[in-house]
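Taking it in order: structure first as structure tokens, then the write-up.
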Amino acid sequence: MSEKNNIKVAVIDMNNGFPNQGMRGIQELLQSYHKETQLNLTYDLFDLRQKGEIPDTTYDIYISSGGPGSPFDGEGEKWEHDFFTLLDQIENFNEQNEHKKHVFLICHSFQLACRKYGLGNVTRRKSNSFGIFPISLTESGTEEVVFNGLHNPFYSVDNRDWQVVQPDLADFKAKGASILALEKERPHINLERCIMAIRFSDEIIGTQFHPEADPIGMKMYLLQDEKKTAIIKNHGEDKYYDMLNSLDDPDRITLTQSVILPNFLNQAIHTLQEV
Ligand SMILES: NC(=O)CC[C@H](N)C(=O)O
């Protein structure tokens, strides 16, 4: 067994310069993971949409963030081309090497990957979805190592105007991808439940929700008048206060935050160190 003594993580910032809680969330997770495991792990940030920064292929692990706007905004743009090329390079590398590179795609990055791989249809929602919602694991989701430790349903933060729907399951299978989680059931609403997580390949996984979200960031959002009014309008006052109170519940978003990205890092680092 060969031990890699420095694990390099690239964090791709898709926020296009907009204020967000995601980059803080991802960095804090990496810092606490580093502290807890005592592994020699370092990370670099790449401001892709705003500054055109793209990591090279010397990193072991890639985490790509959420971000604002339409997931079609980058069509034909250099930054999107660079992002898709990087995913191709990682796949090529993995085909030829035993120490595989792993990728985690969050929200906006997840939608871009669905476009790239032609999985489902990326469409605009009727209205914005913002809040803490239950998410259902599919059968593949209950067997997913990265989700090991979650309840079914589990709770996570949603913050988006777009969605991935209408999967062609035969096509998913042919491409080696599987749906891991679906939007909460809304029995009284006649709308398709969107896809909340996909395993794109053995090394690439993505979520529509925000596994990096923490109670601090979420509380800040929930207390904003605009968000409060929107949640009460869409879901009622009880749901709003339930979301706010759930921030202290260790079984809700804190569980999701403590399970998914750490499991992903464990898996990615484990495969780097075995062979
Ligand atoms: N938080 C996000 O990454 C949102 C993704 C995308 N911009 C949307 O609105 O759906």
Side-chain angles (χ1 to χ4, degrees), residues 10-29 45-51 62-77 79-80 83-84 87 103-117 119-133 135 155-167 179-184 186 191-198 200 204-222 224 226-227 230-231 234 243 253 256-257 260-261 264:
V11 183
I12 302 175
D13 181 354
M14 287 279 188
N15 288 286
N16 205 14
F18 282 73
N20 67 90
Q21 292 295 316
M23 291 304 290
R24 179 187 56 79
I26 296 168
Q27 291 179 78
E28 284 186 8
L29 262 162
L45 306 181
F46 297 86
D47 188 346
L48 178 59
R49 282 169 76 184
Q50 183 177 226
K51 296 191 184 148
Y62 297 79
I63 299 175
S64 193
S65 82
S70 160
F72 292 89
D73 273 357
E75 264 181 318
E77 299 279 332
W79 69 262
E80 183 178 283
F83 181 63
F84 288 167
L87 291 176
V103 182
F104 199 107
L105 305 161
I106 300 170
C107 202
H108 200 81
S109 301
F110 166 82
Q111 294 168 351
L112 294 182
C114 289
R115 276 188 42 226
K116 169 175 167 50
Y117 296 115
L119 293 170
N121 278 334
V122 184
T123 63
R124 192 184 262 281
R125 285 174 49 94
K126 277 197 166 22
S127 62
N128 170 271
S129 174
F130 178 82
I132 299 170
F133 299 112
I135 295 168
Y155 285 79
S156 193
V157 167
D158 212 13
N159 181 13
R160 63 196 164 88
D161 296 311
W162 292 77
Q163 61 183 354
V164 183
V165 288
Q166 296 155 351
I179 298 175
L180 303 176
L182 292 174
E183 196 168 18
K184 69 181 164 8
R186 295 170 296 177
L191 286 175
E192 186 185 339
R193 297 164 78 188
C194 78
I195 303 173
M196 285 307 241
I198 295 177
F200 293 93
I204 306 181
I205 188 168
T207 61
Q208 178 67 87
F209 57 88
H210 288 268
E212 80 286 15
D214 62 0
I216 302 173
M218 207 40 202
K219 185 167 185 180
M220 200 207 74
Y221 278 132
L222 287 173
Q224 288 173 0
E226 183 203 339
K227 298 276 189 227
I231 294 171
N234 292 330
M243 282 181 200
I253 69 168
T256 305
Q257 184 208 14
I260 297 184
L261 282 168
F264 164 75

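Counting starts at 1 for both ligands and their atoms, in listed order.
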Among protein heavy atoms, which lies nearest [atom], and at what distance?
{"atom": "atom 10 (O) of ligand 1", "result": "Trp162 N, 2.8 Å"}
{"atom": "atom 3 (O) of ligand 1", "result": "Gly67 N, 2.8 Å"}
{"atom": "atom 1 (N) of ligand 1", "result": "Asn159 O, 2.8 Å"}
{"atom": "atom 9 (O) of ligand 1", "result": "Asp161 N, 2.9 Å"}

Geometric class of the Trp162/Phe72 ring pair [parallel <30°, tilted 30-60°, perpendicular >60°]: tilted
Examine [X] against ligand 1 and note whether any of their N/O atoms are separated by less than 3.5 Å.
{"X": "Gly69", "result": "yes"}
{"X": "Arg160", "result": "no"}
{"X": "Ser70", "result": "no"}

Side-chain contact, heavy-atom cut-off 4.5 Å: [X] with [Y]?
{"X": "Tyr117", "Y": "Leu87", "result": "yes"}
{"X": "Val164", "Y": "Leu119", "result": "no"}
{"X": "Gln27", "Y": "Val11", "result": "no"}
{"X": "Ile12", "Y": "Ser109", "result": "no"}
{"X": "Arg160", "Y": "Phe209", "result": "no"}

His210 to ligand 1, any heavy atom closer than 4.0 Å: yes
Can you name the atoms of ligand 1, numbered from 1 with element, that are less than 4.0 Å from a heavy atom of [X]?
{"X": "Cys107", "result": "1 (N), 2 (C), 3 (O), 4 (C), 5 (C)"}
{"X": "Pro68", "result": "7 (N)"}
{"X": "Gly66", "result": "3 (O)"}

Asn15 (side chain) donor-acceptor with Asp13 (main chain) under 3.5 angstrom: no
Ligand 1 contact on Gln111 by region, counting heavy-atom pairs under 4.0 Å: side chain
Arg24 and Asp214 ion-paired at < 4.0 Å: yes
